[in-house]
Number of protein chains: 2
Amino acid sequence: MVLPRAARTQRRTRIQEEKEEQILEAALDVFATHGFRGSTIDQIADVAGMSKPNLLYYFRTKEAMHRALIDRVLDSWLDPLREFDAEGNPVTEICSYIRRKLEMARDFPRESRLFANEILQGAPHIEDELKGPLKALVDEKAEVIRAWAKAGKIAKCDPYHLIFAIWSTTQHYADFDVQVRDVLGEERSGEGRFEDAARFLEQLFVKGLEIKNGGD
Amino acid sequence: MVLPRAARTQRRTRIQEEKEEQILEAALDVFATHGFRGSTIDQIADVAGMSKPNLLYYFRTKEAMHRALIDRVLDSWLDPLREFDAEGNPVTEICSYIRRKLEMARDFPRESRLFANEILQGAPHIEDELKGPLKALVDEKAEVIRAWAKAGKIAKCDPYHLIFAIWSTTQHYADFDVQVRDVLGEERSGEGRFEDAARFLEQLFVKGLEIKNGGD
DNA sequence: TGATAATTTGACCGGTTGGTAAAACATTAC
DNA sequence: GTAATGTTTTACCAACCGGTCAAATTATCA
């Protein structure tokens, strides 16, 4: 048989899993740094340490690689937001959401950049996911936040823009890492910058959403 | 003479200024959406409405176009931060900085995306500018913020991460525009989203940096 | 073992890429 | 006008792109 893997129904060999893993790992590297159009199969093959036709044996097109990556990463990328708990203490929930998002920016920067590239360039491959599952999840969590505000547990605010603010401030440390490190200078560019960022952002959001004495 | 414009010392004709303008305008469109490597000269030529060799008569390489764009845009991009005034009222200064950055995200999204693409992809063409002029400017303004905190005018906080937070939250509306609009849904995707964002961000930063009664 | 299926590779293809050469065309200066 | 200069285009090139093919190699298993 010469049918490439994608045409088969079931995963067979151990070697297939390994190679696909190896390819996606390399593809993540390349797509995250150059975007879809700026990346080449040869580059990915190089990083993966295999020949181009060999890559195309496991993924029939460049798009198939990209899609496989997106599918695999999108889900886990939204996990922190899913954990947002309506029953929890608002301040605790928001703080731990920020912390988790910052940890992901620190530990999985390539995944963040993969999405950033995609969205920056108009989300040509994932607009359905944005309009569908992502919007649905955000709508749900926005309702939670609105309820907290209504119950007087946090200040009244636009929940959507609150979520955008948390996304942007945290992902900034992955997507704009070069700039962050250049501006902080070498002596402050160690891993400690994530701790500093966490401290600052928690202060900002907690105080920013606090209920004033006698106010709303 | 067949020397392209770049080789000459002085600008001569009116037509040169016009064409260069036209090319950079088109290049901004293309580079902002696809990044440097993902953009092609043919594409830019198409958008500019001229032939590829004609483009290359004014800019000898694709890189020359990109560099010309970066140089032209970087300066104006930093203007809002330069206006940050040590003598002004901290709350006013920060609010108007946020508002100006949001206006730029609304009115010049392509410029924002041009930089975002560049930095996302490791800033291969502008790292010197980041480490030099940008860092210097941020260092200076960070000192201003630190002084405000020391004087008890705003809460103590890491000034660098404050600046990052303002950058990321405001530029988010240009760089991640597709996502913002997809999540907000069609009915909330009008220009009003910038007003909503401004209101939210001012509240967040003003309250977040407020001095508590009796606290720091 | 050997037969069979799975994997890998080198050679290749048509289309696109950044860029060039030279001649045609337009503009300006006298 | 016309000569010199400035601008634009057509035709082209070598390198690279995504992807195919068939043959070679390796793993699996009776």
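In what follows, chains carry the letters A, B, and so on, assigned in the order in which the sequence lines appear, proteins first and then strands, with residues in each chain numbered from 1. Given the structure is predicted, the values throughout are model-derived calculations rather than measurements.
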### Query
Nearest-Å distance, OH (A/Tyr58) to C1' (C/dT8)?
8 Å
### Query
Between atom CD in B/Glu18 and atom P in C/dA26, what is the gap in whole Å?
18 Å
### Task
Would you indicate whether A/Phe108, at its atom CZ, is surrounded by more than 12 heavy atoms from other residues, nucleotides or ligands within a distance under 6.0 Å?
no
### Message
If the condition is side-chain hydrogen bond (donor to acceptor under 3.5 Å, both in side chains), which residues does B/Arg110 pass it with, not counting sequence neighbours?
### Response
B/Glu25, B/Asp29
#### Entry: Spacing between B/Glu17 atom CD and D/dT7 atom P, to the nearest angstrom
12 Å
### Task
Could you tell me the separation between the CD atom of A/Gln16 and the P atom of D/dT26, rounded to a whole number of Å?
19 Å
### Between C/dA23 (P) and B/Tyr57 (OH): distance, integer Å
17 Å
### Query
Does any pair with a residue in residues 127-147 of chain B pass ring pair (Phe, Tyr, Trp, His ring centres under 6.0 Å), and if so which ones, sequence neighbours excluded?
none
### Task
Return the value, rounded to whole Å, for the distance between atom CE of B/Met65 and atom P of C/dT17.
14 Å
### Task
Starting at atom NZ of B/Lys19, determine the distance to atom C1' of D/dT8, rounded to an integer number of angstrom.
8 Å
### Task
With sequence neighbours left out, write down each residue that passes salt bridge (charged side-chain N to carboxylate O under 4.0 Å, His left out) with B/Asp75, or none if nothing qualifies.
B/Arg82
### Query
Partners of A/Arg199 by side-chain hydrogen bond (donor to acceptor under 3.5 Å, both in side chains), sequence neighbours excluded?
A/Asp196
### Message
Can you list everything that forms a side-chain hydrogen bond (donor to acceptor under 3.5 Å, both in side chains) with A/Glu140? Sequence neighbours excluded, please.
### Response
none
### Task
Round to a whole Å and report the spacing from CD1 of B/Ile23 to P of D/dT8.
9 Å
### Query
Within the pair A/Asn54 and C/dT9, is there a side-chain N or O less than 4.0 Å away from OP1 or OP2?
yes
Distances under 3.5 Å between nitrogen or oxygen atoms of protein and nucleotides 18-20 of chain D:
| residue | atom | partner | partner atom | Å |
| --- | --- | --- | --- | --- |
| D/dG18 | OP1 | A/Ser39 | O | 3.2 |
| D/dG18 | OP1 | A/Lys62 | NZ | 3.0 |
| D/dG18 | OP2 | A/Ile41 | N | 2.9 |
| D/dG18 | N7 | A/Lys52 | NZ | 3.0 |
| D/dG19 | OP2 | A/Lys62 | N | 2.8 |
| D/dG19 | O6 | A/Lys52 | NZ | 3.2 |

### Query
Phosphate oxygens OP1/OP2 of D/dT8: is one of them under 4.0 Å from a side-chain N or O of B/Ser51?
no
